[in-house]
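Proteins come first, then strands; the chains are lettered A, B, ... in the order of their sequence lines, and each starts at number 1.
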Number of protein chains: 2
Amino acid sequence: MNLEILENVIKFINQFVDFKEEELIAMQKKIEIIHLKKNDIFIKEGDIADRIAFTNKGYLRVYYYYNGEEITRDITPLHSFATALPSFVSQTPSFEIISAITDCELITINRDDLERLYESFPKWERFGRRIIEEMFVESQRRIYSFITETAETRYKKLLKQYPDMIRDVPLKYIADFLGIKLQSLSRLRKSLDW
Amino acid sequence: MNLEILENVIKFINQFVDFKEEELIAMQKKIEIIHLKKNDIFIKEGDIADRIAFTNKGYLRVYYYYNGEEITRDITPLHSFATALPSFVSQTPSFEIISAITDCELITINRDDLERLYESFPKWERFGRRIIEEMFVESQRRIYSFITETAETRYKKLLKQYPDMIRDVPLKYIADFLGIKLQSLSRLRKSLDW
DNA sequence: ATAATTATTTAACAAATGTTAAACTATTAT
DNA sequence: ATAATAGTTTAACATTTGTTAAATAATTAT
């Protein structure tokens, strides 16, 4: 295993829980690096999600079909975790699809291996809890923004927080993420130009 | 400690992780029952959230101020967990306020006690992780509904899922929860009457 | 290099939701 | 019982976003 490739993920992990060498090695033994080309699918509809990914490079999107249309619910920022969680936790077929918006390098771990890691090292379970807590808080922040902010404010904040994302991700997906139609986003962008 | 009062919470807990007698007793020793009257505050703005609550009776709401106005982001259904999570996890002053919509009976545990429970019994930490996973999934579902559904659909679904809530909770809070203004909700309700 | 495909913009009109202000109804306190 | 307060509805008009359809721009495949 090339250790350099794990630099980002280890840096990320250490923000939450302080691991000993052996605990990190136990994790390293179980991870698998996956490279996806643009539009490749990480988790298919109907699959049971059995891997969780850390996006070391590139952007993933989480989407599902609604009235025959693709709706992008999430665009994962760089260096974050992604899986189809409802499927992953309950081991039921996934209605969510995860695919690569750009070429991606994913650091992944299998669910069973993760469970065993949790069993063997309570600190890993603590890490799992902390991560999901962060994800929940971020998710609540997004609900807050749907309730109180206009689409324009949501767009401006996204632009500020993830300027690269706007550059690398088709606006269709950004529009879905913001909860508006592509044409409305386009109109909104124009009104900001002046 | 009156064991009957814990019936609901234990039933709820057992859905997620199967606990042994001693593990449940360890928990029971640490909980505190809190009774709130309507409009009493469970977590104040600026407080560091140090308790998490299970709503054994009644409804809580989570709100914050935006441009001097109260915005209700969450109404906690019966038999669910609530705390000001951003404050609780990072021990920083809370911008979120939690108060009682109706008279409430809360089964609560102090954060330090909870941490010690996690330390002593990895199964409790597992429970903590599972619960927050569920909460995250529910939160994602709500984002999905903001993206794809109209306010009318969101209202109808809420009505179906929590008919009691509509009866017991002022429409102002419901409207916030749905992401629309009280007057819009009122108009919408009228249009459904026919 | 060119054609085909994908992404983005534009515009006119429709629908949904917000804003302001007032009236009405129900609940709570004295 | 009555006054005060809190909750809900109504309505007219404003603003935002959606819808449909087409044009333009950028990217990708041959």
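Residues from residues 159-174 of chain A that place a heavy atom under 4.0 Å from any atom of DNA chain C, listed by number: A:Pro170, A:Leu171, A:Lys172.
The listed nucleotides are C:dT9, C:dT17, D:dG18; the one nearest the side chain of B:Ile180 is C:dT17.
Contact annotation for A:Leu182: base contact, defined as any heavy-atom pair under 4.0 Å involving a base atom. Residue-level contact check: A:Glu152 touches neither bases nor backbone, having no heavy atom under 4.0 Å from any strand.
Residue whose closest nucleotide on DNA chain C sits further toward the 5' end, between A:Leu185 and B:Arg154: A:Leu185.
A:Leu188 has its CG atom 15 Å from the P atom of C:dT8, to the nearest Å. Summarising the geometry, the separation between CD on A:Gln183 and P on C:dT9 is reported as 11 Å, rounded to the nearest angstrom. In this structure, the CD atom of B:Glu149 is 17 Å from the C1' atom of C:dT17, given to the nearest Å. In this structure, CG of A:Asn39 is placed 13 Å from C1' of D:dT27, rounded to the nearest angstrom. Here C:dG18 presents its P atom at 13 Å from OH of B:Tyr66, a figure rounded to the nearest Å. Rounding to whole angstrom units, CZ of residue B:Arg189 and C1' of C:dC24 are separated by 15 Å. Nucleotide C:dT17 holds its C1' atom 14 Å from the CZ atom of B:Phe146, rounded to whole Å. B:Glu69 places its CD atom 12 Å from the P atom of C:dG18, with the value rounded to the nearest Å.
In this model, the phosphate group of C:dT8 is not approached by any side-chain N or O of A:Ser186 to a distance below 4.0 Å at OP1 or OP2. For D:dT8, the OP1/OP2 oxygens have no side-chain nitrogen or oxygen of B:Lys190 closer than 4.0 Å. Put simply, B:Lys38 has a side-chain N or O that comes within less than 4.0 Å of OP1 or OP2 on C:dT28. A:Arg187 has no side-chain polar atom (N or O) that falls below the 4.0 Å cut-off from OP1 or OP2 of C:dA11.
The neighbour count for B:Lys172 NZ, taken as heavy atoms of other residues, nucleotides or ligands under 6.0 Å away, is above 12. Counted within 6.0 Å of CD on A:Gln15, heavy atoms from surrounding residues, nucleotides or ligands total more than 12; the atom is thus considered enclosed.
Between B:Tyr173 and B:Tyr63, the distance separating the two ring centers is not shorter than 6.0 angstrom. Taking the six-membered ring for Trp and the full ring otherwise, A:Phe136 and B:Phe136 have centroids separated by 6.0 Å or more.
Looking at A:Arg141, A:Lys157, A:Arg142 one by one, the single match for salt bridge (Lys or Arg N to Asp or Glu O under 4.0 Å) with A:Glu149 turns out to be A:Lys157.
Distance check, rounded to the nearest 0.5 Å: CG of A:Asp113 to CZ of A:Arg111 gives 11.5 Å.
Within the 4.5 Å cutoff, the side chain of A:Pro86 has heavy atoms near those of the A:Phe95 side chain.
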